[in-house]
Undergrad: 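First, the structure itself, so that you have it in front of you.
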2 protein chains.
Amino acid sequence: MPRVRKQNETMSIARLAKYLGLSEGTVSRALNNYPDIAEKTVARVRKAADELGYRPSTTARRLARGVVETIGFVLPARDGHQIDPFLAEILDGLATELALSDWDLLVSAVPDGHDEVEVMDRLIQSGKVGGFVVARTKRHDPRIDFLRKSHVPFVAQGRTENCDDYAWLDIDNEKAFVDAVNYLVGLGHRKIAYLGGDPELNYAWQRRAGYLAATKANGCDIAPGYMHDGITNELAAREAVLEILKLPDHPTAILCVTDAVAIGAIHALAHAGIDVGSEMSVIGFDGLPMGEAIHPGLTTMSQASYQIGREVGRIVVAQANKANSPASEFSQILWEASLTVRGSANPPALKLAANAKGGIS
Amino acid sequence: MPRVRKQNETMSIARLAKYLGLSEGTVSRALNNYPDIAEKTVARVRKAADELGYRPSTTARRLARGVVETIGFVLPARDGHQIDPFLAEILDGLATELALSDWDLLVSAVPDGHDEVEVMDRLIQSGKVGGFVVARTKRHDPRIDFLRKSHVPFVAQGRTENCDDYAWLDIDNEKAFVDAVNYLVGLGHRKIAYLGGDPELNYAWQRRAGYLAATKANGCDIAPGYMHDGITNELAAREAVLEILKLPDHPTAILCVTDAVAIGAIHALAHAGIDVGSEMSVIGFDGLPMGEAIHPGLTTMSQASYQIGREVGRIVVAQANKANSPASEFSQILWEASLTVRGSANPPALKLAANAKGGIS
DNA sequence: TTGACAACCGAAAGCGGTTTCGGATAGCGT
DNA sequence: ACGCTATCCGAAACCGCTTTCGGTTGTCAA
């Protein structure tokens with residue numbers, strides 16, 4: 001393979017130095033705010049660098065300084081290759097924050113036949129990244145186990161079962177679902193069903209715990225058939241709803257682990273001729289824009305995904321910058337979800353006027 | 001700033017060479033399949049590298065070889081910071097393909113006060129990327145203009161007005177909307193309205209062209225008030241639908257520029273008491289999973305976003321690899337969207353049995 | 001005037017690889 | 001036994017920038 005010579009095209013520090021009649025070292029120090037360069041020399045160098053459009057090669061700079069200002073993010077491998085909207089927003093926030101800190105974001109996928117840890121390991125070993133962000137944590141997450149002993153800074157969006165010794169930012173899922181149940185109870189509901197996600201996923205587990213705790217605290221008993229786990233897509237939600245509707249004493253409200261599940265549930269209910277919002281209340285979690293577009297609007301616990309992404313980015317960069325200081329504290333941040341009230345949850349058996357079929361004009 | 005010395009921790013080629021009793025050059029050539037290294041030496045080096053867990057520093061390698069095997073992707077700056085699902089899937093496909101080719105994907109956002117070209121320029125000048133993928137092209141796209149003269153390989157997902165001299169992969173938007181109109185006409189519709197997007201965006205413009213061409217070809221006239229442009233979110237879709245419903249002679253079908261718009265339209269129709277699928281047909285574009293979850297299911301023109309991402313990745317890597325060959329051909333690929341039939345489009349004035357309200361059990 | 005001390009800058013050694021070039025060794029024919 | 005090639009490997013330059021270290025100046029007090 002022929003060496004790619006960029007010839008005399010690109011502006012190197014050598015040319016800049018020659019142009020200025022200075023040594024490379026002096027130019028470098030001038031541009032990097034070393035105190036031992038005369039003010040006017042600094043100004044002169046800055047000016048020339050600007051005019052000639054000089055930008056130091058990050059590759060060379062990294063090699064010389066022994067740092068890579070790059071954060072890795074490995075897309076969770078899911079079937080169907082769908083990045084859910086929540087992840088997408090986090091990614092956006094993360095990219096924004098990193099751009100502001102002059103760090104890079106390296107996104108990788110997991111090729112078939114490999115696993116995420118493998119991919120992360122390669123990225124670290126080959127020196128491509130100097131830190132990681134992991135999202136969608138499992139209760140026992142091999143990625144976290146791996147990163148713990150890899151000595152690269154990282155922050156998790158979401159906790160794991162044992163989460164004392166690393167940095168994370170999470171939503172208080174349990175409290176959120178306690179709040180959701182309390183809200184339903186406040187509306188008059190006593191019979192509340194639950195469509196839960198994959199219990200391996202930490203957030204699903206915690207939301208489930210919130211549901212269990214709050215129904216118990218309110219003295220609502222969970223009839224057999226009220227709880228469904230492993231609902232991860234709209235289709236599963238639909239089937240679970242059909243099961244629920246078959247119950248002799250069916251619930252008046254359904255709490256859903258995510259907006260996607262809630263939307264699937266609403267669809268299923270509508271299809272079965274149930275009037276959502278009056279005959280059956282539904283609450284989701286995420287605050288997706290889509291929740292506003294469906295009919296009725298989805299009442300949901302919202303989390304500010306973009307902000308989460310930004311904060312996670314801030315933390316991981318901070319962590320990486322003080323990587324030397326021994327036994328540094330880990331940021332462990334818990335944010336609260338907020339209730340967004342729309343039309344899908346109301347007092348039981350209330351018929352809404354808005355749902356009456358009206359004329360065209 | 002203290003130099004970060006990785007001490008004796010990391011495995012460098014120097015240590016590997018010393019361990020083997022060979023020179024660094026020999027080890028390097030052995031690992032890089034140079035023909036002038038004895039078979040058994042190669043084997044010995046490979047084995048030792050494996051055992052000692054040696055991975056060459058990509059930074060050093062890049063500096064020495066003068067290449068960066070990295071593709072940049074700048075997230076389109078939109079208000080609301082929402083990566084739409086279509087982009088997310090493309091990103092996933094792109095990341096997958098690049099991972100398979102051992103290229104990196106560098107994702108950046110555009111900080112406030114800057115523009116996309118600026119960000120791309122910095123990435124190029126500082127040598128962080130060796131190629132670009134741009135998505136969501138505008139009819140006149142400054143990013144393309146910039147990349148054209150920047151001499152870095154790139155491929156666009158989506159075309160622009162003048163698109164002869166660069167590589168792109170696009171969906172045949174015009175044909176897709178011709179097909180959609182023909183499908184509706186085949187169902188018996190004659191009065192077809194259109195909810196279009198931002199006409200600056202190339203795909204929106206082409207879909208609009210398809211709508212215009214096909215309605216004309218079929219002799220359907222477009223009544224005043226049938227065409228709405230600039231519909232970019234669910235809210236706008238809702239308002240446009242209300243306008244349409246006010247028309248004295250209102251249409252029997254609405255063709256929507258994206259699934260998101262279609263879903264907003266369906267919501268608005270439902271809210272107005274119109275039975276979607278019988279009283280009014282709706283067709284979208286994208287093939288989002290969400291289209292399956294709503295009620296009725298969304299009939300739509302589907303594009304395989306993940307595959308698009310992969311193919312775009314394949315092309316850009318190929319392009320970058322043969323960057324030397326002069327005046328090389330550009331891949332220019334047009335894929336077709338396919339019609340996914342669900343419940344939202346039917347012959348006009350047909351009442352579907354499935355829409356009848358049924359009992360609970 | 002001289003010495004001491006700042007203030008500035010140049011020289012040079014890395015960072016961890018790659019690649020060219022030439023030398024040593026071995027194998028071969030005669 | 002000799003020379004000649006092919007084969008294989010080591011030496012060294014280099015990629016572009018950073019950073020240490022030491023050497024020149026200039027300034028000011030004694």
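As a basis for the values below, the full set of heavy atoms in this structure was taken, side chains included, without hydrogen atoms, waters or symmetry mates. Throughout, a chain's letter reflects where its sequence line sits, starting with A, and its residues are numbered from 1.
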Undergrad: In whole angstrom, what separates B/I13's CD1 from C/dT19's C1'?
TA: 12 Å
Undergrad: Other residues, nucleotides and ligands only: do more than 12 of their heavy atoms fall within 6.0 Å of NZ on A/K138?
TA: no
Undergrad: Taking side chain to side chain contact (heavy atoms under 4.5 Å, CB included) as the criterion, tell me which of A/I315, A/L98, A/L100 meets it with A/R310.
TA: A/L100
Undergrad: Given the structure, check if the side chain of B/R29 and the base of D/dG10 hold any donor-acceptor pair shorter than 3.5 Å.
TA: yes
Undergrad: When you get a sec, tell me which of D/dT20, C/dG14, C/dG16 is the closest nucleotide to the side chain of B/A64?
TA: C/dG16
Undergrad: List in chain and number order the residues that pass side-chain hydrogen bond (donor to acceptor under 3.5 Å, both in side chains) with A/R44, two or more places apart in sequence or in another chain; answer none if no residue qualifies.
TA: none
Undergrad: Taking the six-membered ring where the residue is Trp, are the ring centres of B/F154 and B/Y166 under 6.0 Å apart?
TA: yes
Undergrad: From NZ of B/K128 over to C1' of D/dG16, roughly how many Å is that when rounded to an integer?
TA: 16 Å
Undergrad: Which nucleotide in the set D/dC15, C/dG10, D/dC17 lies at the smallest distance from any side-chain heavy atom of A/T26?
TA: C/dG10
Undergrad: How does each nucleotide of nucleotides 22-28 of chain C score, in 5' to 3' order, for protein heavy atoms under 4.0 Å: base (B), sugar-phosphate only (S), or none (-)?
TA: -------
Undergrad: Who are the side-chain hydrogen bond (donor to acceptor under 3.5 Å, both in side chains) partners of B/R46, not counting sequence neighbours?
TA: B/N33
Undergrad: Using whole Å, report how far CG of B/N32 lies from P of C/dG16.
TA: 18 Å
Undergrad: Pair B/S57, B/R62 - check side chain to side chain donor-acceptor pair (under 3.5 Å), show working.
TA: CA-CA 9 Å; B/S57 148; B/R62 282 176 183 169; over 6 Å; no
Undergrad: To the nearest Å, give me how far apart CD (A/E24) and P (D/dG16) are.
TA: 10 Å
Undergrad: At 4.0 Å (heavy atoms only), tell me whether B/S28 reaches a base, stays on the sugar-phosphate, or touches nothing.
TA: base
Undergrad: A/R148 vs A/N162, test: side-chain contact (heavy atoms from CB on, under 4.5 Å). Steps then yes/no.
TA: CA-CA 12 Å; A/R148 263 200 186 102; A/N162 303 317; 4.1 Å; yes
Undergrad: So, under a plain 3.5 Å distance rule, would you say the side chain of B/R62 forms a donor-acceptor pair with the base of C/dT18?
TA: no
Undergrad: Within residues 37-49 of chain A, find the residues that approach DNA chain C with a heavy atom at under 4.0 Å, and present them sorted by residue number.
TA: A/I37, A/A38, A/T41
Undergrad: Tell me whether the count of non-hydrogen atoms from other residues, nucleotides or ligands lying under 6.0 Å of CD in B/E51 goes above 12.
TA: yes
Undergrad: In whole angstrom, give the distance that lies between atom OH of A/Y54 and atom C1' of D/dT18.
TA: 10 Å
Undergrad: Who passes side-chain contact (heavy atoms from CB on, under 4.5 Å) against B/A48, sequence neighbours left out?
TA: B/L16, B/Y19, B/L20
Undergrad: How long is the line joining CG of B/L22 and P of D/dA11, in whole Å?
TA: 11 Å
Undergrad: For A/R61 and C/dG16, give me the distance from atom CZ to atom P, rounded to whole Å.
TA: 17 Å
Undergrad: From C-beta outward on B/Y34, which listed nucleotide comes closest to its side chain: C/dT19, D/dC17, C/dG16?
TA: C/dT19
Undergrad: With nearest nucleotides of DNA chain C determined for B/A14 and A/G21 from heavy-atom distances, which residue corresponds to the more 5′ nucleotide?
TA: A/G21
Undergrad: Listed by chain and number, what are the side-chain contact (heavy atoms from CB on, under 4.5 Å) partners of A/N32, not counting sequence neighbours?
TA: A/S28, A/Y34, A/R61
Undergrad: To the nearest angstrom, how far is B/R65 atom CZ from C/dT18 atom P?
TA: 7 Å
